[in-house]
Amino acid sequence: MLSSRKLFVVANRLPVSRVRRGGEFHWVTSPGGLVSALVPALRENRGTWIGWSGEGKSTLKPFKHEGIENVPVELNKAELEGYYEGFSNATLWPLYHDCVRPPEYRRSWWSTYVEVNQRFAEVASKLAPDGAAVWVQDYHLQLVPGMLRARRPDLRIGFFLHIPFPPQELFAQLPWRSEILKGLMGADLIGFQTRVGAQNFGQLARRYLGARGRYGVLSFEGREVRYADFPISIDFRRFDDIARTPDNAKRIRSVRKRLGEERRILLGIDRLDYTKGIDSRLKAFRDLLATGAVDVERTVLVQTAVPSRERMKSYRDERDRVERLIGEINGEHSLLGQSAVQYLRRNLPVEELVALYGAADVMLVTPLRDGMNLVAKEYAASRPDERGALVLSEFTGAAHELYNAALIINPYDVDGLAAAMLAALELEEDEQRRRMVRMRRVVSGHDVYFWANSFLEALAA
Ligand code: GDG
C-alpha cells in the first residue's frame with residue numbers, strides 16, 4: 001500500500017450527497033462499489049476526495065465525513081452543460097461506446113472541458129503535499145493527469161478509465177485526440193477495464209504522440225508511463241452476506257409469490273442508458289412469446305431501470321423507445337393479472353435488488369458496449385444457492401472474465417439472443433451449479449478491494 005504517501009482521489013462527483021432529513025441537511029455516503037472500494041484506502045491513508053458536490057451554485061467549504069476529507073469543486077450551470085452533459089456525455093460517452101449513437105463535436109464544449117479539468121487539477125495541486133499519490137477517475141477528467149504533472153512533477157499520478165477505450169478507427173474522429181492522449185500520458189500509471197482497452201491506448205499513444213515502447217510501458221517526453229488492465233469489481237462479501245440472511249429468503253419468496261409461483265423469471269437491472277441493450281433483450285423476448293417458445297403463464301421478464309441523464313434528449317429518446325416496446329409487448333401478450341414484462345423505473349434499495357437477483361432464473365446483461373458491467377458480478381455474488389444462469393453480452397468487460405461460465409451472446413443478433421435466453425431457461429440444475437460456482441470463484445477472488453489494492457500497489461511501485 002501507499003501507506004507513507006497521502007492519497008487523493010479526484011473524480012467528477014464527491015462520494016457523498018446532501019439529503020434533507022427532519023428539516024436539516026445531512027451528508028450521506030453514496031452507495032456503489034467505487035465509493036466502498038476507495039473509502040478504506042482513503043481512511044488508511046488519511047485521504048482526501050476532490051469532486052463536484054452535485055449542487056448548483058453553492059460555495060461549499062471542504063468538510064470531513066466518516067473519516068474522509070471531502071473537497072468540493074464548484075461547477076456553474078454553463079460549465080455543467082459544456083463539460084458534463086456536452087463533452088463528457090454527448091461527445092466522449094458515445095465515442096468510447098462504439099459510436100452506438102453519433103458523438104457530437106462542439107468546440108465550445110471542448111473549451112469548457114479544458115477549463116473544468118484545469119480547475120480540478122488546480123485544486124489537487126494546491127492541496128497535495130510533496131510526493132502524495134493522486135488517483136484520477138474516469139472520462140470526465142482525462143486532461144487532469146497532464147495538467148497536474150505540469151504543476152507538480154513530484155506527485156505520483158494514477159488514472160483509471162471506467163468505460164471502454166476505443167480502437168483507432170473510432171478514436172481518430174475526435175478533433176482533440178492528441179490533447180486527450182497527452183492528458184492521460186501525464187499519469188505514471190493508467191488503468192483500463194480490459195486488456196483490449198489498454199492495447200488500444202498503447203497503439204494510439206504510439207501513433208499520435210510518437211510514444212515508444214512495448215505493451216505496458218511507454219516512454220514519452222523523457223518519462224516512463226505504465227498502463228495495464230485492472231478489471232473493476234464489486235464488494236462480493238456485501239452481496240453474499242445480504243443474500244444469506246433469512247430476510248432475503250423471505251423477500252425472494254415474496255417476489256416469486258407476487259409474480260406467480262409457477263413462472264420462471266428473467267431479469268434485467270440497468271441504468272437507463274442506450275448502451276445497455278435493453279431493447280435487444282425486449283425484442284428477443286417478444287420473439288419468444290410470438291413463436292410460443294415461452295408463454296406468459298410460465299414466464300415473466302422483470303426489467304428495472306434507474307432514470308439517468310434525463311436532461312439529455314438521447315436519454316429521453318431511449319426511455320421512450322424502451323417504454324414503447326414494453327407497452328407493445330404487454331399489449332399483445334399480457335393476460336389479466338399477468339404482465340409479460342414487469343417494468344420498474346426507479347432506484348430500488350439494495351436489499352430489494354439482491355432479492356430480485358436471488359429470484360431470477362435467468363439474468364440478462366446485454367449491453368451493446370460496456371466498460372465492465374457490475375450487475376453481472378452482483379448477480380453471481382447474490383447466489384450462494386449456486387442456481388440461476390447469466391446471459392452476458394460479449395461486448396462487456398465482464399465477459400472477459402466470465403466467458404466460460406455465462407452464456408455469451410451478441411446483442412445485435414436478436415435470434416441468437418432469443419436462443420440463448422431459451423437455453424438459459426432450460427439449463428439443467430447441475431449445469432447451473434457448475435457455471436455459478438465458477439462465476440462466484442472469479443468474482444470473490446477479484447473483488448473491488450483487490451482491484452483498488454492492485455492499482456494502488458502498482459502505482460506505488
Ligand atoms: C460505469 C461503466 C462499469 C442499478 N439499478 C439499481 C442499482 N443499480 C446499480 C447496480 C450496479 C450499478 O448500478 C450499475 O453498474 P454498471 O457497471 O452496470 O454501470 P454504469 O453505471 O454504466 O458504470 C461500467 C462501472 O462504471 C464501474 O467501473 O462497470 O461499465 O459504464 O452496481 O447494482 N442500485 C440500486 N438500486 C437500483 O435500482 N441500489
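Just so you know, residue 1 is the first one in the sequence shown, and it goes up from there. Indexing begins at 1, ligand by ligand and atom by atom, following the structure's order.
The N/O atoms of Ile163, backbone and side chain alike, include none that comes under 3.5 Å of an N/O atom in ligand 1. Looking at Met372 next to ligand 1, an N or O pair under 3.5 Å apart turns up. Ligand 1 has a nitrogen or oxygen under 3.5 angstrom from a nitrogen or oxygen of Asn373. For ligand 1, one of its N or O atoms has an N or O atom of Asn347 under 3.5 Å away.
At a heavy-atom distance under 4.0 Å, atoms from both the backbone and the side chain of Leu374 approach ligand 1. Here Tyr379 has no heavy atoms under 4.0 Å from ligand 1, in either its backbone or its side chain. Only the backbone of Arg346 comes within 4.0 Å of ligand 1, judged by heavy-atom distances. Contact annotation: for Thr275 versus ligand 1, there are no heavy atoms closer than 4.0 Å.
Within ligand 1, counting atoms from 1 as listed, the ones closer than 4.0 Å to a heavy atom of Trp93 are 31 (O). Residue-ligand proximity, Arg271 to ligand 1, at heavy-atom distances under 4.0 Å covers atoms 20 (P), 21 (O), 22 (O). Close approach of ligand 1 to Gly371 (heavy-atom distance below 4.0 Å) involves ligand atoms 30 (O). Using a 4.0 Å cut-off to heavy atoms of Ile269, the atoms of ligand 1 that qualify are 4 (C), 5 (N). Atoms of ligand 1 found under 4.0 Å from any heavy atom of Val306 (numbered from 1 in listed order, with element): 4 (C), 5 (N), 6 (C), 37 (C), 38 (O). In the vicinity of Ile232, heavy-atom distances shorter than 4.0 Å reach the ligand 1 atoms 27 (C), 28 (O).
Aromatic rings of Phe201 and Phe192 (six-membered ring for Trp) have centroids within the 6.0 Å cut-off, being under it. Centroid-to-centroid, the aromatic rings of Tyr449 and Phe236 stay 6.0 Å apart or farther.
Both the sub-6.0 Å distance and the 45° axial angle are satisfied by Arg195 relative to the ring of Tyr215.
Considering Leu353, Val375, Asp370, Leu356 only, the shortest heavy-atom separation from atom 7 (C) of ligand 1 involves Leu353. When the heavy-atom distances from atom 18 (O) of ligand 1 to Lys276, Glu378, His162, Glu352 are ranked, the shortest goes to Lys276. In this structure, of Ile234, Leu348, Val354, the residue bringing a heavy atom nearest to atom 36 (N) of ligand 1 is Leu348.
Looking at heavy atoms from C-beta onward, Leu38 lies in side-chain contact with Trp135 at the 4.5 angstrom threshold. The side-chain heavy atoms of Tyr208 and Lys182, taken from C-beta on, include no pair separated by under 4.5 Å. Contact annotation: the side chain of Thr245 never approaches that of Asp241 to less than 4.5 Å [non-hydrogen atoms, C-beta and beyond].
Just one residue in the list Arg263, Arg387, Arg264 forms a salt bridge (charged side-chain N to carboxylate O under 4.0 Å, His left out) with Asp361, and that residue is Arg264. The residue from Phe159, Tyr96, Trp93, Tyr83 that alone fulfils the ring-ring contact (aromatic ring centres under 6.0 Å, His included) condition with Tyr139 is Trp93.
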Worked check of side-chain hydrogen bond (donor to acceptor under 3.5 Å, both in side chains) between Ser314 and Arg101: CA-CA 8 Å; Ser314 51; Arg101 292 287 180 279; over 6 Å; no
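The shortest separation from a heavy atom of Phe160 to ligand 1 is not under 4.0 Å, leaving the residue out of contact. For Gln193, the closest heavy-atom approach to ligand 1 falls below 4.0 Å.
We find the CD1-CD distance between Ile409 and Glu394 to be 7.5 Å, quoted to the nearest 0.5 Å. In this structure, CD in Glu66 is found 3.5 Å from OG1 in Thr29, a value given to the nearest 0.5 Å. Note that NE2 of His26 is 13.0 Å distant from OG of Ser17, once rounded to the nearest 0.5 Å.
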